[in-house]
Amino acid sequence: MPAKIPATVVTGFLGAGKTTLIRHMLQNANGKKIALIINEFGDLGVDGDILKGCGDEVCTEDDIVELSNGCICCTVADDFIPTMEQLLAREDKPDHIVIETSGLALPQPLLRAFNWPGISTKVTVDGVVTVVDGRAVHDGQFAHNVAAVDAQRAQDENLDHETPLSELFEDQVACADMIVVNKTDLLETSEAETLTSRLKTESRDGVQVVKASMGALPVDVLLGQGIGAESDLAARHEVHHHHHHDDDEDDHHDHEHAHGHDEFESFIVTRGEIGDANAFAEQVAETIRSNNILRLKGFVAIEGKPMRLTLQAVGPRVDTYFDQPFGDTNRETRLVVIGEAGLDQAAITAALMQ
């Protein structure tokens, strides 16, 4: 049975930097074929034009689908499901689907749609990424331009226009698997740290909170979370059952990102064969917990086993499976560690070598 195609849901208020994050992801996709579903609303269909410029093999024009009849959560059956079915019926299927949705719509109805017959066997929710405007949230605003968000909201008569943004924000945090605190270049280091730790306490256990500026997040961190969010809906309880929604992103925060990825770093640890696969997986999980590692992946050589063990960790969740024989290649264990800048490479290497 073919593996399910992973889909990442990106949410956050107008101006948080979702489009910038997605554009950066497309420019650094390293050959991954990505399809985008953009939930346009009203006159705000600028994203499609921006993203159509990404061209090349990463995403052609056919790979960008705009849903233009209002909020995605009200039109799941009429609009979103047929769009997904069309995408999944194609010969050249995408490697990954990214769905950009407005922070004014609860992601939960969208996640439920992934359990729809005909879709549930072909696609899985890789994770929900909530992008927040670090500067605005730190200042208690939740969005850089509150008037623009409210104007957007006013355009849709189905909207609950009464709910304060702070509650919609709580809903986004409650549903997230990863929270990207964007625009941290506009914050002092201590302010960014305070905000990050606050969001860690406000979100569910195991949610990764990462800092970024200009939406520059390594693709390995953003995609490949493997959460399967459609099957743990109960954990993301809708904090507020109001019906509210809207759409996206006109991000004028555009001084060129000279620093790209220097908020993140990765390095490789190699060692010889491992005696016990389960004990090693636990050792990896413990190393991750103690060192704030975002991703850890690679291949492990297990004594007496001809097959190579593939290991992938997202936060402290470690998955392993035997994938293929080592063949003539060197039987060694090789792990890539990815995290925010400032990882203690010596300590992590020592912990993995034990």
Side-chain angles (χ1 to χ4, degrees), residues 8-22 39 41 44 71-74 99-111 127-156 158-184 186-187 191-213 215 217 222 229 233 235-251 253:
T8 297
V9 177
V10 180
T11 183
F13 290 137
L14 178 77
K18 295 189 295 299
T19 304
T20 315
L21 179 92
I22 289 172
N39 187 197
F41 184 70
L44 296 158
C71 160
I72 213 167
C73 74
C74 306
I99 301 158
E100 179 187 4
T101 172
S102 143
L104 295 166
L106 277 176
Q108 283 87 344
L110 179 59
L111 298 186
V128 176
V129 176
T130 296
V131 184
V132 309
D133 180 329
R135 178 76 258 172
V137 176
H138 176 269
D139 296 342
Q141 290 293 313
F142 303 105
H144 164 64
N145 185 340
V146 174
V149 175
D150 279 331
Q152 239 192 343
R153 207 161 32 157
Q155 289 183 316
D156 189 333
N158 298 314
L159 265 176
D160 154 10
H161 294 138
E162 306 308 313
T163 309
L165 282 190
S166 59
E167 284 187 23
L168 304 194
F169 182 80
E170 284 168 32
D171 283 328
Q172 291 176 40
V173 169
C175 196
D177 296 299
M178 169 176 279
I179 299 169
V180 177
V181 182
N182 203 13
K183 308 191 188 179
T184 48
L186 305 181
L187 289 171
E191 294 175 325
E193 288 304 328
T194 306
L195 179 55
T196 315
S197 45
R198 189 191 108 197
L199 289 169
K200 274 188 181 144
T201 57
E202 289 174 8
S203 54
R204 292 172 303 126
D205 281 352
V207 171
Q208 299 190 320
V209 181
V210 300
K211 298 187 287 293
S213 44
L217 210 62
L222 191 60
L233 286 167
R236 310 154 190 267
H237 52 282
E238 280 141 284
V239 187
H240 309 102
H241 283 278
H242 42 242
H243 197 194
H244 59 263
H245 34 272
D246 214 298
D247 217 57
D248 237 80
E249 204 91 332
D250 177 14
D251 192 3
H253 175 70

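Throughout, numbering of the chain's residues begins at 1 and tracks the sequence.
In this structure the side chain of V9 never reaches within 4.5 angstrom of the side chain of C175, judged on heavy atoms. Between L21 and N182, the closest side-chain pair of non-hydrogen atoms is not below 4.5 Å. Contact of the N145 side chain with the L14 side chain is not registered, since no non-hydrogen atoms from C-beta on lie closer than 4.5 Å.
In this structure, T184 OG1 and E191 CD are separated by 11.0 Å, a value rounded to the nearest 0.5 Å. Interatomic distance, R204 CZ to D177 CG, rounded to the nearest 0.5 Å: 5.0 Å. Distance check, rounded to the nearest 0.5 Å: NZ of K211 to CD of E193 gives 4.0 Å. One finds the CD atom of E170 at 7.5 Å from the CD atom of E202 (value rounded to the nearest 0.5 Å). Rounding to the nearest 0.5 Å gives a distance of 10.0 Å between OG1 of T196 and CD1 of I179. From Q172, atom CD reaches atom OG1 of T11 across 4.5 Å, with rounding to the nearest 0.5 Å.
Across all non-hydrogen atoms, the minimal contact from A143 to A136 is C-CB, 3.5 Å. The minimum heavy-atom distance linking A16 with D133 is given by the pair CB-N, 4.0 Å. Smallest separation of non-hydrogen atoms from V209 and S203: CG2-OG, 4.5 Å.
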Intermediate values then yes/no, side chain to side chain contact (heavy atoms under 4.5 Å, CB included), L168 and F13: CA-CA 9 Å; L168 304 194; F13 290 137; 3.8 Å; yes
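Within the 3.5 Å criterion, the main-chain N or O of R135 finds no donor-acceptor partner in the side chain of K183.
Of the residues listed (V207, V132, T194), the one engaging L199 in a side chain to side chain contact (heavy atoms under 4.5 Å, CB included) is V132, and it is the only one.
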